[in-house]
Amino acid sequence: MTTELPTVAAARVDELKRQIAVNDHRYYVLDEPGISDSEYDRLMRELRELEAAHPELVTADSPSQRVGGSALRTFSEVVHQLPMLSLGNAFSEQDAADFVRKVQEATGEAEPQFSVEPKLDGLAISLRYEHGLFVRGATRGDGSTGEDVTANLRTLRSIPLRIAGDTPPAVLEVRGEVVMPRRAFEAFNSAARERGERTLANPRNGAAGSLRQLDPAVTAARPLMFYAYALGVVEGWPLPARHSELLQNLRALGFSVHPEARSARGLTGLLEYFAAIGARRSTLDVDIDGVVYKVDRLDQQAELGFVSRAPRWAIAHKFPAQEEQTVVEAIEVQVGRTGALTPVARLRPVHVAGVVVTNATLHNENEVRRKDVRAGDTVIVRRAGDVIPEVVSVVLDARPDGSSEWQLPPLCPECGSHVVREADQAVARCSGGLICPAQRKEAIRHFCSRRAMDIEGLGSETIDDMVSLAFLRGGAQPRQLGTVAELYTLGLDDLLELKRLQDERAGITPDPKKKTPTKWAENLLASIAGSKTPSLQRLLFALGILQTGEGTAKELALAFGSLDEIAAADVVVLMMVPNIGLTVAESIAAFFAEPHNCEVIAALTAAGVQPQRAAPAADFVARLEFSAQLESLKTSISARGSVGFPSVASTVFQATAAHVASFAALAALDLAELRALGWNETAAAQLRVLFEDASWQARLAGIDAQIGRLRRDAPQVVSKGPLSGQTVVLTGSLSGMTRDQAGARLEALGAKLSGSVSKKTSFVVAGAEAGSKLDKARELGVQVLDEAALLALLGSHEA
DNA sequence: TGGCCTCGAGTTCA
DNA sequence: CTCGAGGCCA
């Protein structure tokens, strides 16, 4: 090829440039590829070879120059000859109506025509063409001065390096938005993830970050797209009469204009477009944050003119934002009821989907690491499920210098105790227990909460003060509230003293004319007094035993019937309760083994708190067979015990249980008898060792004793409700009663309630507006009852 | 042992 | 609503 004559080479170079430009336009603007990728590559390679042989033929508009030159050190400034405008915003239909009214007044037209288009969420830029050649591209910047990003823009195939047409204008500035299409964004991110590289936070940041790369090669690798929507300086190019025609003309020059651009008439037309685009927002390939309305006729635009920097002839009608950027002012650590430390991002207040968000949980240490959130970072915030604020990701490009990874504090921020994090556990905990004021406070709050003891009139701040202000004057020294039991010893004078201390701290001198807050105090005391006869389930939940929430509390209450029996229960017995395994059982046993907790319970009892008692559940007691006790003992010992426990098959346990029914009886068996029951030499020997240990003897005797008590106290006749064994799911809203009420009546008949539909569900009660659970029931062929059928069922059994 | 499923615990804001 | 982890069944 190097042997070709320069003129022949020049002609070939021109032809190659033309073909590549045509294909770029087809592929990137029209989205209809004309030739295969390999064919395209072949053209490009040939062009590069020719240019290498004839350097004098290399021109600025050559596609080989899209990625050219070396990395820049900084961007130079570009002053926009014609400033790049910002648009006024409309956030409501009223704002849009006001805009239309002003246009009507200024133009005298009843139904002015508008050009409407999606407001792309990207980066506004201006492209300058001189005599048809792309010479410079700049960001919007502050509108009057931007940054020169020509080298990066050259790498965008949707930006023509030379505009089509035989008589190019002397000067043409085309303005528009650089965006990263959502599909390309996702593809880029999954590829980056596979390579273990940083992912982009969102398409908008992807576009902005990509254009601000100093090395154009990086930009070239990013899937960016340019959409034109306006002009800047124009010389030697006739302007059409309408904006909509202008968009057509830009298309003809080789630019892409967003395909959703339309014309609309009057306010109704605008709002219809707004609604239509809003409905299809998630299916568009580009993120948008609203739509733009422009007066279509350019002469009317000129008539309307500008207010400061925004045109009066155009407005952006914004969708309510669902994701916003803000700054993490600090990462603080909260201490929960169980001592769990939770990092929380304190955010610069920002509107997200209609509310001001200032906090967002970061869950735990791992989560902070994974997202690498740091104080001072700019982050993207979203409302998960449109409710709970959540930090989506960090905008790395905006990270201030000198920031460092967030560290979990080694000491509890509330009490200074050591922070411990167990191996392979995600949560870190304050080891201070009830020494920690935060834990004390949260424990009291939990105790009073609606689903626990349901004590009204105790807000978070009041509890805070009860724990920190010395307002109890019973003893020699004024004291703070220490335990939940002390709530029941509060008197009117204590509460008034608390209020006085609060006022004193706030610097308020009590106004003698004003009534003392007796009403509040009386109501609170009444509420406390009214909580003295909780269900056992509520009291258990209120105590705040680790791992014991509402569900577990209910199982425990149901199985044992009284607090004493639960407190006395060995891990082995606890594990036989449904849904209680080793971990939860140990947690419960540890709670009742702690003297401090027993004191609190004793104090509660002394104060008159008396949970309702019931007999042990017959079906639970029925499950306490000796073979099951042996299984349970084996599980607990082999997982944690210092003693070894023989690996014994279930069949051996069953054979053993057929002969003996207690640990005492088992201990009385000699080796030969054990062998006869299927225990092998080592297993039997290990069992003997265990039974000879004094503390084990005591423990096993305790289990025997409790099981004896439970058997004696359990109702002899198993009261089987007519619906026992049935699992019921309630969904939708009932008209005559609440779901809770319906649930209670069903449970009274022996039914078991569940939250989710599975093939084990006996039937589903579906009220009005039942959702996915009803669908699931239909899918699984589970019987569905409506409210009338439910009432009939209840009626037939309750009599 | 792995994969459900459910539960526990913590959290936001009007 | 989320994540994490415990329990249980295959």
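All chains are named by letter (A, B, ...) in the order of the sequence lines, taking the proteins before the strands, and each is independently numbered beginning at 1. Model, not experiment: these values are computed from the prediction.
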Is any side-chain N or O of [X] closer than 4.0 Å to OP1 or OP2 of [N]?
X	N	answer
A/Thr338	B/dG10	yes
A/Thr361	C/dT2	no
A/Asn364	C/dG4	yes
A/Thr583	C/dG7	yes
A/Gln547	C/dA5	no
A/Thr342	B/dA9	no
A/Thr548	B/dG8	no
A/Asn579	B/dC7	no

With side chains defined as the heavy atoms from C-beta onward, is the minimum distance between [X] and [Y] less than 4.5 Å?
X	Y	value
A/Arg337	A/Gln439	no
A/Ile601	A/Phe591	yes
A/Glu442	A/Ile463	no

Using whole Å, report how far [atom1] of [X] lies from [atom2] of [N].
X	N	atom1	atom2	answer
A/Asn359	C/dT2	CG	C1'	16 Å
A/Leu362	B/dT12	CG	C1'	13 Å
A/Met576	C/dG7	CE	P	15 Å
A/His363	C/dG4	NE2	P	8 Å
A/Gln439	B/dA9	CD	P	13 Å
A/Arg382	C/dC1	CZ	P	13 Å
A/Arg337	B/dG8	CZ	C1'	8 Å
A/Glu367	C/dC1	CD	C1'	13 Å

Of the nucleotides [options], which one has an atom closest to the side chain of [X]?
X	options	answer
A/Asn366	B/dT11, C/dG4, B/dC7	C/dG4
A/Val584	B/dC7, B/dG10, C/dG7	C/dG7
A/Ala340	B/dC7, B/dT12, B/dG10	B/dG10

Q) Looking across every strand, which nucleic acid part, if any, lies under 4.0 Å from A/Val344 by heavy atom: base, sugar-phosphate, or nothing? A)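 Sugar-phosphate contact only - A/Val344 comes under 4.0 Å of backbone atoms but never of a base.
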Q.
Before you tell me yes or no, could you show the steps for A/Glu329 and A/Arg346 under salt bridge (charged side-chain N to carboxylate O under 4.0 Å, His left out), namely the whole-Å CA-CA distance, both residues' side-chain angles and the distance that decides it to 0.1 Å?
A. CA-CA 6 Å; A/Glu329 296 188 321; A/Arg346 302 281 174 223; over 6 Å; no
Q.
Here's a test of your reading of the structure: between A/Thr358 and A/Ile545, which maps to the more 5' nucleotide of DNA chain B?
A.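 Looking at the nearest nucleotide for each, A/Ile545 comes out on the 5' side.
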**Q.** A/Phe626 ring center within less than 6.0 Å of A/Phe663 ring center
**A.**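 For A/Phe663 and A/Phe626, the ring centres are under 6.0 Å apart.
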**Q.** Qualifying residue, where the test is salt bridge (charged side-chain N to carboxylate O under 4.0 Å, His left out) with A/Glu365 and the options are A/Lys371, A/Arg421, A/Arg429
**A.**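 The single option meeting the salt bridge (charged side-chain N to carboxylate O under 4.0 Å, His left out) with A/Glu365 is A/Arg421.
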